[in-house]
There are 2 protein chains.
Amino acid sequence: MARWQPDARGRLERAAFELFVEQGFAATTVPQIAERAGLSTRTFFRHFADKRDALFAEEHAVPEQAARIIAEAPASLGPMQIVADGFDAVAAAQFSREKSYYIARHQIIQSDDGLRERQLRMPAALVDSLRRGFEERGTDPVDAMLAAHLTATVFSVSIGRWLSSPNSEPLAALLRDTFDRMRRTASS
Amino acid sequence: MARWQPDARGRLERAAFELFVEQGFAATTVPQIAERAGLSTRTFFRHFADKRDALFAEEHAVPEQAARIIAEAPASLGPMQIVADGFDAVAAAQFSREKSYYIARHQIIQSDDGLRERQLRMPAALVDSLRRGFEERGTDPVDAMLAAHLTATVFSVSIGRWLSSPNSEPLAALLRDTFDRMRRTASS
DNA sequence: ATTCTGATGACACATCATGTCATTACTGAC
DNA sequence: GTCAGTAATGACATGATGTGTCATCAGAAT
């Protein structure tokens, strides 16, 4: 038998999410989270840089998948062609929990300034990952940065549309539609 | 004679900037900033929500000017036309200090995770301001959001290019060039 | 004169975040 | 088998952050 209960990080994540739902983000303290997870406060800070981080444990998944897709794309394709072809794969692989979870999480984030700010790191990390991927294919740095920003915009706007209603269209359809509208807007 | 020295907020801003340059952001404490400004720690937190905020005192200027430009634009213009016409005015009104100041400030920000995250609020606030402005003109909400993101992208990328070298082209030229390249990238 | 207002100081306090050392189970070499 | 090494955790101390509350005092309003 292991000395400690397994999955300390996961227990902390779940305890934090539960407490944020029950009491709100600002009203829950790190010692409370640690206690519910059966761990010490110090251990919480070994797994997360701060209280907000417990809500962003999966933030690396999208940038990592994006980097893989770009690295594996045929050399003949330009950045925006790769992106257009990748939407379905990302939509299928990410956001695999129940939609109500993402909506609840979104509500927590919107309730707190610090969390809203923290969330801005997600599109920023996606831009970074995309830009690096495009640059490694030889794309001009400015063009790579622009393509990265345009792609992150499509994701941000699509996810916003997806979360705006429990009955919205599937994310993959929203990504394609937002991409088309982005192109039309850019050339208007 | 006034009871207190004037411009407490400005003195705090300058003291903070000096100390960040001298010692680095992480190594300077709020009591140090307050002492150099001749004020109490409590007064610092009356003017700024946190230590990082002292570096972002001017962050409202660009979104406010953007809102004004949109509100005053002829009703016949679409969002991207307003934006294309507004670059020169923004470049002329903002960033009026010595360029070395913005480069030094940029270096401080890049040196600290918390500051990098804090900086992400600037394009986010610009997106918000632009989106609201476009929506008030009757633009479809999704199109307004997309036009806002595209515009913020042009600003972010242009400012990045401008700060990347002390001898870069003037910001206004970079804005126009980045805008054109963004349009080409979007339709590639 | 009196009252009101607004900025500041002083103090207390909870929380956050980190440094440091001890503890304990698991691992692997011998 | 034993023993040293490693990794995760606990325990404790501490500096920094950020806020609530009340007092103080100059100038404005009346």
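Just so it is clear: chains get the letters A, B, ... in the order the sequence lines come, proteins before strands, and each one is counted from 1.
- Rounded to an integer number of Å, the gap from CG of B/Asp7 to C1' of C/dA7 is 14 Å.
- With respect to A/Asp140 and B/Arg181, a salt bridge is recorded, a charged nitrogen being found less than 4.0 Å from a carboxylate O.
- Of the possible polar contacts, none joining the A/Arg11 side chain to the A/Ala34 backbone as a donor-acceptor pair under 3.5 Å is found.
- Shown are A/Phe25, A/Tyr102, A/Phe56, A/Tyr101; of these, the ring pair (Phe, Tyr, Trp, His ring centres under 6.0 Å) with A/Phe17 is made only by A/Tyr101.
- Looking only at distances, no side-chain donor or acceptor of B/Thr139 sits under 3.5 Å from a matching main-chain atom of B/Ala144.
- Within the structure, a side-chain polar atom (N or O) of B/Lys51 is placed less than 4.0 Å from OP1 or OP2 of D/dT17.
- Annotation: proximity of residues 40-47 of chain A to DNA chain D (heavy atom, distance under 4.0 Å) is found for A/Ser40, A/Arg42, A/Thr43, A/Arg46, A/His47, numbered in ascending order.
- Protein atom CZ of B/Arg52 is 11 Å distant from nucleotide atom P of C/dA17, rounded to whole Å.
- Distance A/Phe48 CZ to D/dT9 C1': 15 Å, rounded to the nearest Å.
- Atom pair B/Arg118:CZ and D/dT17:C1' shows a separation of 16 Å (rounding to whole Å applied).
- The distance between atom CZ of A/Arg9 and atom P of D/dA7, rounded to the nearest whole Å, is 18 Å.
- Across B/Asp7, B/Asp53, B/Val30, B/Ile33, a single residue satisfies side chain to side chain contact (heavy atoms under 4.5 Å, CB included) together with B/Leu12, and that is B/Ile33.
- Rounded to whole Å, atom C1' of D/dG18 lies 14 Å from atom CG of A/Asp112.
- Only at 4.0 angstrom or more do the heavy atoms of residues 13-28 of chain A sit from any atom of DNA chain C, so none qualifies.
- A ring pair (Phe, Tyr, Trp, His ring centres under 6.0 Å) with B/Phe155 is found for exactly one of B/Phe87, B/Phe95, B/Trp162, namely B/Phe87.
- Straight-line distance from the CG atom of A/Asp53 to the P atom of C/dT18: 10 Å, rounded to whole Å.
- A/Asp50 has its CG atom 15 Å from the C1' atom of D/dG18, to the nearest Å.
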Carefully, step by step, assess A/Arg68 and A/Glu72 under the rule salt bridge (Lys or Arg N to Asp or Glu O under 4.0 Å). CA-CA 6 Å; A/Arg68 278 197 305 277; A/Glu72 294 165 1; 5.4 Å; no
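- Put simply, the side chain of A/Phe45 reaches to within 4.5 Å of the side chain of A/Arg42, judged on heavy atoms.
- Salt-bridge check for B/Glu136 with B/Arg132: failed, with every basic side-chain N at 4.0 Å or more from each acidic carboxylate O.
- As judged by a 4.0 angstrom heavy-atom cut-off over every strand, A/Gly114 is placed among residues making no nucleic acid contact.
- Of the listed nucleotides (D/dG18, C/dT15, C/dG9), C/dG9 has the atom at the smallest distance from the side chain of B/Leu39.
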